[in-house]
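Taking it in order: structure first as structure tokens, then the write-up.
From a predicted model like this one, the values you see are computed outputs, not experimental measurements. Below, each value reflects all heavy atoms present in this structure, side chains not excepted, and no hydrogens, waters or symmetry copies.
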Amino acid sequence: MTTCQDTIRPPARRAAQSREWRAIVILILLIPVLWSPPFLFRYFLYQPFNIPSNSMAPALTVGDYVFAAKHAYGYGRYSVPFASSWISGRVLAAEPAYGDIVVFRATKDTSSDFVKRVVGLPGDRIQMQRGRLFLNDRPVTRVAQKKAQAGETCGVDDDATAKLWRETLPNGASYLTQDCGDDDQLDNTSVFTVPAGHLFVLGDNRDNSTDSRMPGIGFVPMDNLVGKVTRIFWSLDEDGEPRFERLGKVE
């Protein structure tokens, strides 16, 4: 007796119909989840993030928990859950403004979320000279503030101090920056010209931030935006004690 070598296979059309029905059933089952208030809030309105470093000090420090508005700049592949890798562009797109604190994915590391401040828009010329930000060949207005304890935000002992500056961008956005030293590695750069569809971002802790000045981050594509940081909703110190004075709108 010989064995039949032909394998019986269901028609391709029947298999395709089966897959379609399975997809429909799964979608129906997911509807209550997709439209539940917690899901909508987290993935389409405001997503919570915790701050793991002091690169944005003094505005954001280790132990802060923030909300990022997902709708602020429209929805793209990194702000929408389960988005496919082939999706490009953004729906309901809006351009960030000078001074916005944004959550984004870097071109060279799309698996991690980064948080920095926008200081350059498409077409802008950005440069650092002796720790001062220059925008389109003009120094950005800044006013010296009272020195503050640096501590771990500068990677030094608790008794060290850091210079604080109130920096004001052309649109009026004003915030504090921290300077841990004079003429450090990142205090003097070449001129960066921001390409179309991209942003230039800096950490407020200018001497301790991996940002657009470095190849690891570089210019940030607007399509890589996740959201705009709007407020600190919770904060804990190194001992796990609440820091209620840090709660509220982010400057």
Item to complete: Examine F114 and V66 and state if one hydrophobic cluster contains both, with Ile, Leu, Val, Met, Phe, Trp and Tyr joined whenever side-chain heavy atoms are less than 4.5 Å apart.
Response: no
Worksheet item: Taking the side chain from N171 and the backbone from Y98, do they hold a donor-acceptor pair closer than 3.5 Å?
Response: yes
Fill in: Cluster check V115, F104: I/L/V/M/F/W/Y, side chain < 4.5 angstrom
no
Worksheet, complete the sentence: To the nearest 0.5 Å, atom CD1 of I232 lies from atom NZ of K249 at 13.0 Å
Discussion item. Counting only heavy atoms not in E245 (residues, nucleotides, ligands), do more than 12 fall under 6.0 Å from its CD?
Written reply: yes
Worksheet, complete the sentence: Residues passing the side-chain hydrogen bond (donor to acceptor under 3.5 Å, both in side chains) test with D179, sequence neighbours excluded, are none
Worksheet, complete the sentence: One should read off an interatomic distance between L202 CG and T210 OG1, to the nearest 0.5 angstrom, of 11.5 Å
Worksheet entry | Minimal non-hydrogen separation, D207 against C180, with atom names | OD2-N, 2.9 Å
Item to complete: Of all the heavy-atom pairs spanning Y73 and E95, show the shortest one and how long it is.
Response: CD2-C, 4.3 Å
Item to complete: Please step through side-chain contact (heavy atoms from CB on, under 4.5 Å) for the pair R132 and E167, ending with a clear verdict.
Response: CA-CA 10 Å; R132 188 167 190 175; E167 197 168 80; over 6 Å; no
Fill in: Carboxylate-amine/guanidinium proximity below 4.0 Å for R243 and D64
yes
Worksheet item: So, do V102 and V229 sit near enough that their side-chain heavy atoms are less than 4.5 Å apart?
Response: no
Worksheet item: For N54, does its backbone N or O pair with a side-chain atom of N205 as donor and acceptor, under 3.5 Å?
Response: yes
Worksheet item: Do the side chains of L199 and M222 get nearer than 4.5 Å, heavy atoms only?
Response: yes
Item to complete: Can you label the angle between the F233 ring and the F67 ring as parallel, tilted or perpendicular, going by 30° and 60°?
Response: parallel
Worksheet item: When you look at CZ of R142, are more than 12 heavy atoms from neighbouring residues, nucleotides or ligands closer to it than 6.0 Å?
Response: yes
Worksheet item: Looking at side-chain heavy atoms only, is the closest gap between S209 and K116 below 4.5 Å?
Response: yes
Worksheet item: Yes or no on side-chain contact (heavy atoms from CB on, under 4.5 Å) for E238 and V62, after CA distance, side-chain angles and deciding distance?
Response: CA-CA 8 Å; E238 58 185 9; V62 173; over 6 Å; no
Worksheet item: What distance separates R246 CZ from F244 CZ, expressed to the nearest 0.5 Å?
Response: 14.0 Å
Fill in: Rounded distance (nearest 0.5 Å) linking atom CG of N188 with atom CD of Q129
7.5 Å
Worksheet item: Is there a side-chain contact between Y78 and V103, using heavy atoms and a 4.5 Å cut-off?
Response: no
Fill in: N-O pairing of E251 and R166 below 4.0 Å
yes
Worksheet item: Taking all atoms of both residues into account, what is the closest heavy-atom pair of P96 and L225, and its distance?
Response: CG-CD1, 3.7 Å
Discussion item. Do V140 and V201 land in one hydrophobic cluster if side-chain heavy atoms of ILVMFWY residues count as linked below 4.5 Å?
Written reply: yes
Item to complete: Determine whether W165 and L176 fall in the same hydrophobic cluster, where Ile, Leu, Val, Met, Phe, Trp and Tyr are linked whenever their side-chain heavy atoms lie under 4.5 Å apart.
Response: no
Worksheet item: Less than 4.5 Å apart, any side-chain heavy atom of V226 and any of K70?
Response: yes
Worksheet item: Is a donor on one side and an acceptor on the other found under 3.5 Å between the side chain of N50 and the backbone of Y65?
Response: no
Fill in: cation_pi(R117, Y175) dist<6.0 Å, angle<=45
yes
Worksheet entry | Value rounded to 0.5 Å, distance of CG in D187 from CZ in R130 | 9.0 Å
Worksheet entry | Nearest atoms (heavy-atom pairs only) where G120 meets I126 | CA-CD1, 3.9 Å
Discussion item. I'd like to know if the side chain of T189 and the backbone of M128 have a donor-acceptor N/O pair within less than 3.5 Å.
Written reply: yes
Worksheet item: So, does R125 use its side chain to make a donor-acceptor pair with the main chain of N136 at under 3.5 Å?
Response: no
Response to the item:
In terms of heavy-atom contacts, S190 and Q127 come closest through O-CG, 3.7 Å
Item to complete: Give the minimum heavy-atom separation between V250 and L60, together with the two atoms involved.
Response: CG2-CD2, 4.1 Å
Worksheet item: Taking D124 for the side chain and L121 for the main chain, is one N or O donor matched with an acceptor at less than 3.5 Å?
Response: yes
Worksheet item: Can any side-chain N or O of S212 pair as donor or acceptor with the backbone N or O of F200 at less than 3.5 Å?
Response: no
Worksheet, complete the sentence: One should read off an interatomic distance between W234 CH2 and L247 CG, to the nearest 0.5 angstrom, of 7.0 Å
Worksheet item: So, do I51 and M56 sit near enough that their side-chain heavy atoms are less than 4.5 Å apart?
Response: no
Worksheet item: How far apart are the C-alpha atoms of K163 and K147, what are their side-chain angles, what is the distance that settles it, and do they pass the side-chain contact (heavy atoms from CB on, under 4.5 Å) test?
Response: CA-CA 5 Å; K163 294 179 182 178; K147 287 188 176 181; 4.1 Å; yes
Fill in: Shared hydrophobic cluster for F219 and I101 (ILVMFWY, side-chain gaps under 4.5 Å)
no
